[in-house]
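Below is one structure, written out as structure tokens, with a few remarks after it.
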Amino acid sequence: MTSSDICVIFNVMKFDKSLISTLREDPKDAESKSQRILLRGGFIRQLASGIHTYLPLGWSILLKISSIIREEMNRIGGQEMLMPAISPKELWEESGRWKEYGEDMFRLKDRKEREYCLCPTHEEIVADIARTKIRSYRDLPQIWYQIQTKFRDEPRPRSGVLRSRQFIMKDSYSLDCDEEGLDRSFKLHRQAYERIFTRCGLEYVIVEASGGLMGTGESREFMAIVDGGEDQLVLCTKCNYRANLQIAQSRGRHESFNDGALEKVATPGKRTVQEVTDFLGVGPQNLVKSMFFTQAGSEPLLILIRGDDEINEEKLARLIGAGYAPASTEEIAKAFNAQPGYIGPAGIDHVAIYADEMLRDAKGMITGANTDGYHVRGLNLKRDVKVKQYANLRQVKSGDICVKCGGPLTLRNALELGHIFKLGTKYSGSLGANFLDEKGNSKPIIMGSYGIGLERIMACVCEQKGDDRGAVWPISIAPYDIHLIVLNPLEETVQKTSDEVMQMLTKAGLSVIIDDRDISAGIKFNDADLIGVPIRVTVGPKGVKNNRLDIYVRATGETITAGKTELVDNCMEIMDRRKSG
RNA sequence: CGGGGCGUGGCGCAGUGGUUUAGCGCGCAUGGUUCGGGACCAUGAGGUCGUGGGUUCAAAUCCCACCGCCCCGACCA
């Protein structure tokens with residue numbers, strides 16, 4: 001019997017027969033760490049912008065992740081199903097999202113010119129099932145979920161699999177009679193998610209989030225802290241306050257300047273905060289930035305914010321509504337008789353003025369004079385400006401003060417792995433998904449929606465655990481348990497030993513990939529590092545002579561030399577240790 | 001959508017108007033010597049130079065248009 005026959009019998013993957021295509025050099029388009037690792041290790045392959053094939057190694061990892069998710073979703077009473085990926089336009093018109101989703105939605109027509117979309121998410125489909133299948137409060141609560149491909153025509157896909165246009169999502173939906181039920185479903189999901197991410201070996205934080213297109217209910221994001229992350233998180237270094245930058249609250253540091261009379265100063269050609277402060281020899285916190293916002297059919301607004309702060313658009317939208325946009329140069333010139341950079345609030349009474357809290361009682365400030373080439377100094381907000389309302393509009397900065405405990409806040413890049421969201425009746429209401437309560441009253445079902453990006457888990461593990469030699473998979477999601485390397489595989493004694501080792505490991509229930517290619521050792525070791533299987537076992541002529549096999553732990557670099565008889569026990573011991581650690 | 005970059009065998013690159021069959025490294029195939037961290041020799045296969053049009057005696061190379069891919073921003077979640 002040949003080694004290949006034995007591999008078939010024992011279900012061991014042969015490296016040279018598998019579709020593993022490691023790359024010797026970094027692909028030129030790989031920018032982020034995870035993308036480099038996944039492409040070089042032959043886990044994924046790009047077909048078009050934001051569209052990837054998951055090659056056998058990558059798919060195997062995604063299947064492991066799916067199993068973990070399945071187990072944890074079933075544990076909280078979730079029922080798995082599979083909804084279609086393609087959906088007729090009418091459902092989305094009922095919810096209003098056919099329009100709302102805009103260009104992010106892939107759309108298509110069938111041969112009869114009927115319109116469809118490739119589903120970016122499934123609230124409408126769930127509500128459609130619920131409105132016919134759920135009749136009574138006795139049918140509730142329900143948790144339905146699926147693991148399925150989603151489509152979103154992202155304006156800019158990036159970082160390989162981190163933001164793509166076709167991706168796999170676990171999406172679940174809870175249906176409840178009332179708010180208390182929703183709270184319970186929400187909490188169950190939160191617990192399930194904590195177990196899922198922990199089991200996948202990820203370090204993450206749970207933050208308050210904003211809902212965006214989904215609605216306005218309570219939501220939590222599960223964020224992995226990675227340098228390459230697209231989102232920014234505000235974290236308190238003293239207490240447990242943590243929030244997405246988009247909605248984070250903080251206290252800024254007040255600065256005071258000497259009061260004085262309003263005085264015009266020439267600032268020729270100096271428009272930006274940087275230019276004006278350099279020119280006048282003051283700090284940016286001494287300036288008041290004036291930003292003019294307009295919206296067709298509404299009155300224009302002037303927003304004031306301190307020179308060292310930025311406007312948080314989400315907070316602004318909550319104050320004045322979503323439709324406002326920064327005014328054009330022409331609109332500014334028309335309203336203030338000056339170019340952008342030279343406009344200011346002093347003496348303005350034909351435009352409503354909103355100011356950030358940090359400017360309350362500010363005096364001795366510098367701002368535009370509403371004359372090209374001039375600013376004013378000595379601005380006293382209370383005295384010189386008709387502020388309609390003060391509000392929290394500024395973006396949180398590193399070094400701000402925590403609103404909960406007064407500790408210093410820091411900002412970190414992070415990546416959204418999952419979010420859980422209380423929808424309420426947004427979709428059940430618009431689609432008419434109602435039930436009869438105990439008293440016979442018809443009420444809309446209270447819904448929640450909960451998502452996890454599977455590829456993001458895979459990529460995030462690369463970001464957090466990978467090193468410059470490649471992937472480092474935790475046992476829970478690794479494509480194999482053991483990477484068996486055979487050196488000088490053509491030597492009979494070596495071959496005999498490797499066959500024995502392979503059988504022992506497999507009989508012990510470990511999954512094995514064997515690399516017995518007749519090539520130099522370095523290539524095999526480097527490929528093993530790249531692929532990142534947790535335990536590497538080496539069989540070679542030197543070791544065979546002395547009954548010595550090498551065990552190498554990828555994550556720690558630990559090396560153990562074992563005899564044939566102890567090998568399996570040693571591997572099992574490492575597996576146990578790493579599972580619990 | 002704005003800004004920047006790139007497109008040449010499977011991968012990474014060189015070649016910027018005329019050295020007859022478009023190169024180099026890696027990979028691949030065959031044979032041989034090697035073999036504990038990316039060995040060596042020999043022979044060989046593999047390319048409509050992103051697409052279309054134009055200029056020219058002559059275009060991978062110059063001009064125009066389009067397409068695709070990457071990065072930054074805008075946007076989105």
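The sequence lines fix the lettering, A, B, ..., with proteins before strands; numbering per chain opens at 1. Keep in mind it's a predicted model, so treat the numbers as computed, not measured.
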So A/Gly543, base contact, sugar-phosphate only, or nothing? Heavy-atom distance under 4.0 Å. base
Of the nucleotides B/G12, B/C35, B/G27, which one has an atom closest to the side chain of A/Asn488? B/C35
Against the side chain of A/Lys28, the closest entry in B/C71, B/G38, B/C6 is B/C6
With no hydrogens and no angle check, just 3.5 Å: does a side-chain donor-acceptor pair link A/Gln46 and A/Asp29? no
Does A/Thr538 reach a base, just sugar-phosphate, or nothing at all? Heavy atoms under 4.0 Å. base
What is the distance, rounded to the nearest whole Å, between atom CG of A/Asp231 and atom C1' of B/C76? 11 Å
Minimal non-hydrogen separation, A/Cys7 against A/Ile514, with atom names: SG-CG2, 3.9 Å
Rounded interatomic separation in angstrom, taking OH from A/Tyr101 and C1' from B/C76: 9 Å
B/G23 versus B/G32 - spacing of their P atoms, nearest Å: 30 Å
Decide yes or no, distance alone: a donor-acceptor N/O pair under 3.5 angstrom between the base of B/C76 and the side-chain of A/Arg163. yes
Using atom C1' of each nucleotide, how far apart are B/A29 and B/G9 to the nearest Å? 15 Å
On a plain distance test, is the side chain of A/Arg536 in donor-acceptor contact with the base of B/G37 below 3.5 Å? yes
Is it true that A/Lys289 and A/Glu310 make a salt bridge, defined as a side-chain N closer than 4.0 Å to a carboxylate O? yes
Reckon A/Ser159 touches a base, only the sugar-phosphate, or nothing at all at heavy-atom distances under 4.0 Å? sugar-phosphate
Please classify the nucleic acid contact of A/Arg548 as base, sugar-phosphate, or nothing, using heavy-atom distances under 4.0 Å. nothing
Closest to the side chain of A/Arg24, out of B/G7, B/U34, B/G27, is B/G27
Given A/Thr121 and A/Arg97, is the side chain to side chain contact (heavy atoms under 4.5 Å, CB included) satisfied, shown in steps? CA-CA 11 Å; A/Thr121 173; A/Arg97 287 209 289 188; 3.5 Å; yes
Taking for A/Gln35 and for A/Pro489 the nucleotide of RNA chain B with the nearest heavy atom, the one nearer the 5' end belongs to A/Pro489
Which nucleotide sits closest to the side chain of A/Arg158: B/C72, B/G7, B/G36? B/C72
In whole Å, what separates the C1' atom of B/U48 from that of B/C40? 36 Å
Would you call A/Glu93 and A/Lys89 a salt bridge, taking side-chain N to carboxylate O under 4.0 Å as the test? yes
B/C49 and B/C62: how far apart are their P atoms, nearest whole angstrom? 15 Å
pair_partner(B/A59), Watson-Crick or wobble, both distances < 3.5 Å, evaluates to none
Examine the side chains of A/Thr538 and A/Tyr552 and answer whether a donor and an acceptor come within less than 3.5 Å of each other. no
Strictly by Watson-Crick or wobble contacts shorter than 3.5 Å, is anything paired with B/G68, and which nucleotide is it? B/C6
Contact class for A/Asn526 (heavy atom, under 4.0 Å): base, sugar-phosphate, or nothing? base
Separation of B/A77 atom P from A/Phe421 atom CZ, nearest Å, is 11 Å
Of the nucleotides B/G38, B/U34, B/G36, which has the atom closest to the A/Pro541 side chain? B/G36
Quick check: any donor-acceptor pair below 3.5 Å linking the side-chain of A/Asp26 to the base of B/G12? no
Between B/U61 and B/G3, how many Å separate the two P atoms, rounded to a whole number? 25 Å
Can you tell me the base-pairing partner of B/A39? Count Watson-Crick or G-U wobble geometry only, both distances below 3.5 Å, and say none if there is no partner. B/U33
If pairing means Watson-Crick or G-U wobble with both distances under 3.5 Å, then the partner of B/G44 is B/C28
Pairing partner (Watson-Crick or G-U wobble, both distances under 3.5 angstrom) of B/G23: B/C13
Side-chain N or O of A/Gln246 versus OP1/OP2 of B/A77: is the shortest distance under 4.0 Å? no
Nucleotide B/C26, atom C1' - distance to CD1 of A/Ile519 in whole Å: 14 Å
So, is A/Ser49 close to the B/G68 phosphate, meaning a side-chain N or O under 4.0 Å from OP1 or OP2? no
Distance, P atom - from B/G18 to B/G25, rounded to whole angstrom: 24 Å
Check A/Leu393 against A/Asp356 and note the closest heavy-atom contact, atom names and distance. N-OD1, 2.8 Å
Sidechain N-carboxylate O distance under 4.0 Å for A/Asp550, A/Arg536: no
Heavy atoms under 4.0 Å, any strand shown: does A/Glu103 hit a base, just sugar-phosphate, or nothing? nothing
Pick the C1' atom in B/U19 and in B/G31, then give their distance to the nearest Å. 35 Å
What is the separation between atom CG on A/Asp468 and atom C1' on B/G37, rounded to the nearest whole Å? 14 Å
How many Å lie between NZ on A/Lys150 and C1' on B/C76, as a whole number? 18 Å
May I ask you to say what A/Ala48 touches in the nucleic acid, namely base, sugar-phosphate or nothing, with a heavy-atom cut-off under 4.0 Å? sugar-phosphate
Taking the side chain of A/Arg152 as its heavy atoms from C-beta onward, which of B/A77, B/A39, B/G27 lies nearest to it? B/A77
For the side chain of A/Arg469, starting at C-beta, report the closest nucleotide among B/G38, B/G36, B/G37. B/G37
Upstream residue (5' side of RNA chain B) when A/Ile523 and A/Arg156 are each assigned their closest nucleotide: A/Ile523
Using purine N1 to pyrimidine N3 plus N6-O4 or O6-N4 for Watson-Crick, or N1-O2 and O6-N3 for G-U wobble, both under 3.5 Å, which nucleotide pairs with B/G73? B/C1
Separation of atom CD in A/Glu100 from atom C1' in B/C75, rounded to whole Å: 15 Å
Candidates B/G12, B/A74, B/C69 - which lies nearest the side chain of A/Pro155: B/A74
On a whole-Å scale, what distance lies between the C1' atoms belonging to B/G4 and B/C24? 29 Å
CZ of A/Phe525 versus P of B/G37: gap in Å, rounded? 7 Å
Can you tell whether the side chains of A/Lys17 and A/Asp516 come within less than 4.0 Å, N to carboxylate O? no
Identity of whatever pairs with B/C49 - Watson-Crick or G-U, under 3.5 angstrom: none
